[in-house]
Number of protein chains: 2
Amino acid sequence: MARKQAADYEQRREAIVDHAARLFASRGFLGASVADLAQACGASKSLIYHYYPSKEDILFEVMDSHLLQLTGAVETVTGSQAPAERKLRDLTHRFMGLYVGAADRHKVLLNDLNHLPPERRAMIVTRQRALIDAVQALIAAVRPDLATPRARRPLTMLFFGMINWTHTWFDPKGAASSDEVAELAAELILGRTR
Amino acid sequence: MARKQAADYEQRREAIVDHAARLFASRGFLGASVADLAQACGASKSLIYHYYPSKEDILFEVMDSHLLQLTGAVETVTGSQAPAERKLRDLTHRFMGLYVGAADRHKVLLNDLNHLPPERRAMIVTRQRALIDAVQALIAAVRPDLATPRARRPLTMLFFGMINWTHTWFDPKGAASSDEVAELAAELILGRTR
DNA sequence: CCTACCGATCGGTAGG
DNA sequence: CCTACCGATCGGTAGG
């Protein structure tokens, strides 16, 4: 028989990850203590350790959940029949939407990766690399002039630089929307603007 | 009369900052202890505190020294008589050169700014903003088509995203040189490639 | 699910 | 009497 406590087990786990994302994003992984997290969750430290074996496991969960969303966007877009240029624009908008919608998790993924233990870090890095490779294939298809064998990776990373760096400055309440920023980044990569 | 030991005072201070940059870059400000720093310098903690009143002062020095270099590059370039496009290309190359040459300090500046006490952080942020404004003026001059009032800041930040993000992936021993990457970033902003 | 704790290590400072 | 510097240890707090 199922136990009663199992009913909100997943909700509690998710709430912990959500508060952890907020704390880690604002203070850094080392700057936010498990006691801080417990307080934010309105619980004791022991409760946290009931749901997760270690602070690093919570960090992994924050990153993993976000990366899952990003990977989903890539699969959706690359599975379509649209031309490469359309796919790249579409994916850029989806990425920006996820970056803004999950800004805390995104910051944590970008800032605290080296606080994961090696095996966990390797898992994340492998999946990040798959994301990058998918985008690189689109960019190579759209910009055969620039994406020479030696420039292909740098070009792709400059693209990720544009959109990943938004976490440091983009304000959802600011003048420009995330779609406008995504469009601008796509235009720059596509080189269609002159 | 000058004391003999004062002769290497500045050298020792600089050595501390240099080791701190390396440690903070690889483990983060909170992940590297003053004891680690002392060990890296082959000295005692007390020696560190003889030269700097606190760990945060060392962090400030790491960032300040790097920002001074970047500001110098901006002044050199904007003071020339070259056309805006030439200035932007030139500045992009100089930035990339400084980013690679002072990779540790650059990482620290980008990753650990929020571990500075508020007043110190405000000083750094103010000077960063001046850098950004100077680049924005060049971009606005070069791309009047894209740099509408509302798109001006996002466009500038996308540019900084391209070059700042290089600290996560660029390898000086890799296939592409920092000048090639700088050129690619400049091309994308200039939109001259199609 | 909490209070009460642990081994260790933190940034910073004492006397000499 | 100064400066530069050391070994040892301070009061608090970290993850668990």
Do A/S44 side-chain and C/dT3 base share a donor-acceptor contact under 3.5 Å?
no
Given atom [atom1] of [X] and atom [atom2] of [N], what is their separation to the nearest angstrom?
{"X": "A/Q39", "N": "C/dT3", "atom1": "CD", "atom2": "P", "result": "13 Å"}
{"X": "B/I58", "N": "C/dG12", "atom1": "CD1", "atom2": "C1'", "result": "11 Å"}
{"X": "A/L37", "N": "C/dC1", "atom1": "CG", "atom2": "P", "result": "15 Å"}
{"X": "A/L47", "N": "D/dG16", "atom1": "CG", "atom2": "P", "result": "16 Å"}
{"X": "A/L59", "N": "D/dG16", "atom1": "CG", "atom2": "C1'", "result": "17 Å"}

Residues forming a ring pair (Phe, Tyr, Trp, His ring centres under 6.0 Å) with A/H66, sequence neighbours excluded:
A/H106
Restricting to ring pair (Phe, Tyr, Trp, His ring centres under 6.0 Å), what partner residues turn up for B/H93, sequence neighbours left out?
none
For A/R13 and A/D18, what are the C-alpha separation, side-chain angles and deciding distance, and is it a salt bridge (charged side-chain N to carboxylate O under 4.0 Å, His left out)?
CA-CA 9 Å; A/R13 274 178 70 94; A/D18 202 56; over 6 Å; no
Can the positive tip of B/K107 be found less than 6.0 Å from the middle of the six-membered ring of B/F24, inside 45° of the ring normal?
no
Between C/dC1, D/dC6, C/dT3, spot the one nearest the side chain of A/Y51, thanks.
C/dC1
May I ask you to check whether A/Q136 and A/R153 show a side-chain donor-acceptor distance below 3.5 Å?
yes
Report yes if a side-chain nitrogen or oxygen of A/R12 is closer than 4.0 Å to either non-bridging phosphate oxygen (OP1 or OP2) of C/dC1; otherwise report no.
yes
According to a strict under-4.0 Å criterion, is A/H50 in side-chain N/O contact with OP1 or OP2 of C/dC1?
no
Apply side-chain hydrogen bond (donor to acceptor under 3.5 Å, both in side chains) to A/R121 and list each qualifying residue two or more places apart in sequence or on a separate chain.
none
Once pairs are restricted to Watson-Crick or G-U wobble with both distances under 3.5 Å, how does DNA chain D read as a dot-bracket string, [ ] for crossings and | for other-strand pairs?
.....|.|.||.|.||
Extract from the structure each pairing of a protein N or O with an N or O of nucleotides 8-11 of chain C at less than 3.5 Å, listing the distance.
{"unit_1": "C/dG11", "atom_1": "OP1", "unit_2": "B/K55", "atom_2": "NZ", "d": "2.3"}
{"unit_1": "C/dG11", "atom_1": "OP2", "unit_2": "B/V34", "atom_2": "N", "d": "3.0"}
{"unit_1": "C/dG11", "atom_1": "N7", "unit_2": "B/K45", "atom_2": "NZ", "d": "3.3"}
{"unit_1": "C/dG11", "atom_1": "O6", "unit_2": "B/K45", "atom_2": "NZ", "d": "3.4"}

According to salt bridge (Lys or Arg N to Asp or Glu O under 4.0 Å), who are the partners of B/E61, at least two apart in sequence or on a separate chain?
none
A/D64 vs A/R120, salt bridge (charged side-chain N to carboxylate O under 4.0 Å, His left out): CA-CA, chis, key distance, verdict
CA-CA 10 Å; A/D64 187 63; A/R120 292 298 182 86; over 6 Å; no
What is the ring orientation for B/Y99 with B/F95, classed by angle as parallel under 30°, tilted 30 to 60°, or perpendicular over 60°?
parallel
On a whole-Å scale, what distance lies between the P atoms belonging to C/dG12 and D/dA8?
22 Å
